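The block underneath contains the structure these notes are about, expressed in structure tokens.
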Amino acid sequence: DVATAFLNGELKEEIWMKEPPGYESKTPGVACRLLRSIYGLRQASRCWYDKLCTKFAEIGLFPSKSDPAMFVKVDEKGVILALVHVDDMCVAAKTQEMVDRIKRAIGGLFKVRDLGEIKVFLGMEVTRRENGDITLSQASYVERILSAHGLGDVKPRVLPMAVGTQVTPAKEDVEVLEDPT
């Protein structure tokens with residue numbers, strides 16, 4: 001009997017809770033086991049990562065040794081990369097067919113939403129040019145930081161100093177200014 005074992009102190013690692021209001025068990029006197037990992041406790045992120053690794057291994061995606069958040073699949077058609085941050089994912093491969101194939105495989109493992117071609121990932125704006133070049137930018141992040149410090153309306157300078165300014169190294173006998181501005 002689980003309740004007796006719990007009361008006798010034999011189940012030290014488990015956490016038990018009462019049934020929620022409105023739930024009626026068919027077997028009276030039974031306790032509910034709390035699945036700690038799904039309630040935002042300390043090990044929740046580790047449990048999610050372990051589940052992700054297990055499920056991704058089923059489709060041939062394995063964590064990279066250099067970055068555990070990057071999953072790699074190498075097969076005869078090429079290399080597929082999947083970058084994961086909590087519940088956001090970015091998939092990259094040489095061909096669109098490979099990307100679509102891995103997206104379908106991941107969709108078979110988890111309930112997912114395909115947001116199409118990447119525009120923003122982890123706060124970085126991603127732009128793809130016609131020649132295939134990819135540009136990463138954090139312009140909106142910089143704007144937020146400037147606005148937070150009351151510098152949202154300042155005019156940008158092309159150069160950090162006025163043209164013609166000569167910078168010379170400081171000498172030991174020169175007094176350092178209190179206010180560098």
Side-chain angles (χ1 to χ4, degrees), residues 11 13-17 19-20 23 32-161 163:
L11 297 175
E13 297 297 320
E14 302 288 336
I15 291 183
W16 298 90
M17 64 181 207
E19 296 173 348
Y23 176 81
C32 298
R33 184 173 154 223
L34 174 64
L35 300 174
R36 294 173 63 126
S37 64
I38 64 172
Y39 290 97
L41 300 176
R42 288 185 193 176
Q43 293 298 316
S45 57
R46 181 68 186 172
C47 291
W48 166 241
Y49 181 75
D50 289 342
K51 179 173 184 148
L52 193 64
C53 288
T54 303
K55 291 293 190 178
F56 275 10
E58 293 175 13
I59 59 173
L61 280 168
F62 296 97
S64 165
K65 291 179 182 170
S66 61
D67 183 359
M70 180 172 68
F71 292 82
V72 181
K73 178 178 182 174
V74 180
D75 61 13
E76 66 280 347
K77 294 184 179 181
V79 177
I80 298 173
L81 303 173
L83 298 170
V84 180
H85 179 75
V86 186
D87 63 347
D88 289 336
M89 187 178 313
C90 171
V91 177
K94 191 171 186 175
T95 66
Q96 186 62 41
E97 186 269 325
M98 292 171 69
V99 170
D100 293 339
R101 186 174 42 131
I102 203 70
K103 281 183 182 178
R104 281 191 303 274
I106 293 170
L109 300 173
F110 301 103
K111 182 181 175 186
V112 295
R113 249 183 333 154
D114 186 357
L115 300 177
E117 189 167 328
I118 189 167
K119 292 176 182 52
V120 177
F121 187 67
L122 301 180
M124 291 182 286
E125 299 159 14
V126 182
T127 308
R128 179 180 288 209
R129 297 188 181 155
E130 289 182 19
N131 64 359
D133 289 351
I134 296 174
T135 305
L136 301 178
S137 170
Q138 289 187 303
S140 61
Y141 174 73
V142 171
E143 291 294 329
R144 279 196 319 267
I145 296 294
L146 289 173
S147 294
H149 294 284
L151 300 171
D153 296 331
V154 297
K155 303 273 188 228
R157 305 263 280 150
V158 177
L159 298 173
M161 295 183 173
V163 176

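The shown structure was predicted, so the numbers you read here are calculated from the model rather than taken from an experiment.
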Under 3.5 Å, side-chain donor or acceptor atoms of residues 52-66 against the rest of the protein: list the pairs with distances, not counting sequence neighbours.
unit_1: T54; atom_1: OG1; unit_2: D50; atom_2: O; d: 2.8
unit_1: S64; atom_1: OG; unit_2: S66; atom_2: N; d: 3.2
unit_1: S64; atom_1: OG; unit_2: S66; atom_2: OG; d: 3.1

(request) State, yes or no, whether a side-chain contact exists between K103 and D114 at a heavy-atom distance under 4.5 Å. (result) yes
(message) Less than 4.5 Å apart, side chain to side chain, heavy atoms only: is that true for V126 and T135?
(response) no
(message) Quick one, R128 with E117, criterion salt bridge (charged side-chain N to carboxylate O under 4.0 Å, His left out). Give me CA distance, side-chain angles, the key distance, then yes/no.
(response) CA-CA 10 Å; R128 179 180 288 209; E117 189 167 328; 3.7 Å; yes
(request) Count the heavy atoms of every other residue, nucleotide or ligand shown that sit under 6.0 Å from CG of D133, and state whether that count exceeds 12. (result) yes
(message) Has Y49 got a side-chain atom pairing as donor or acceptor with V86's backbone, closer than 3.5 angstrom?
(response) no
(request) Work out which heavy atom in L151 is nearest to a heavy atom in V154; give both atom names and the distance. (result) O-CG2, 3.1 Å
(request) Provide the closest heavy-atom pair for M98 versus A93 in the form atom of the first, atom of the second, distance. (result) CB-CB, 3.7 Å
(message) Rounded to the nearest 0.5 Å, what separates atom NZ in K73 from atom CG in L81?
(response) 12.5 Å
(message) Just verifying a value: how many Å separate L115 CG and M89 CE, rounded to the nearest 0.5 Å?
(response) 11.5 Å
(message) Run the salt bridge (charged side-chain N to carboxylate O under 4.0 Å, His left out) test on R101 and D75 for me, step by step, so that the C-alpha distance in whole Å, both residues' side-chain angles and the decisive distance to 0.1 Å come before the verdict.
(response) CA-CA 13 Å; R101 186 174 42 131; D75 61 13; 3.5 Å; yes
(message) What's the separation between atom CD in E97 and atom CD1 in I102, rounded to the nearest 0.5 Å?
(response) 10.5 Å
(request) Of all the heavy-atom pairs spanning I118 and C90, show the shortest one and how long it is. (result) CD1-SG, 3.6 Å
(request) Could you tell me the separation between the CD atom of E125 and the OG atom of S140, rounded to the nearest 0.5 Å? (result) 4.0 Å
(message) Just so I know, are the side chains of I106 and V112 near enough to count as touching, which here means a heavy-atom distance under 4.5 Å?
(response) yes
(message) Going by the rule ring pair (Phe, Tyr, Trp, His ring centres under 6.0 Å), which residues pair with F110 if we only count those two or more places apart in sequence or in a different chain?
(response) W48
(message) Does V91 form a side chain to side chain contact (heavy atoms under 4.5 Å, CB included) with I80? I'd like the steps, not just the answer.
(response) CA-CA 7 Å; V91 177; I80 298 173; 4.2 Å; yes
(request) Determine the minimum heavy-atom distance between L83 and F121, stating which atoms define it. (result) O-CZ, 3.9 Å
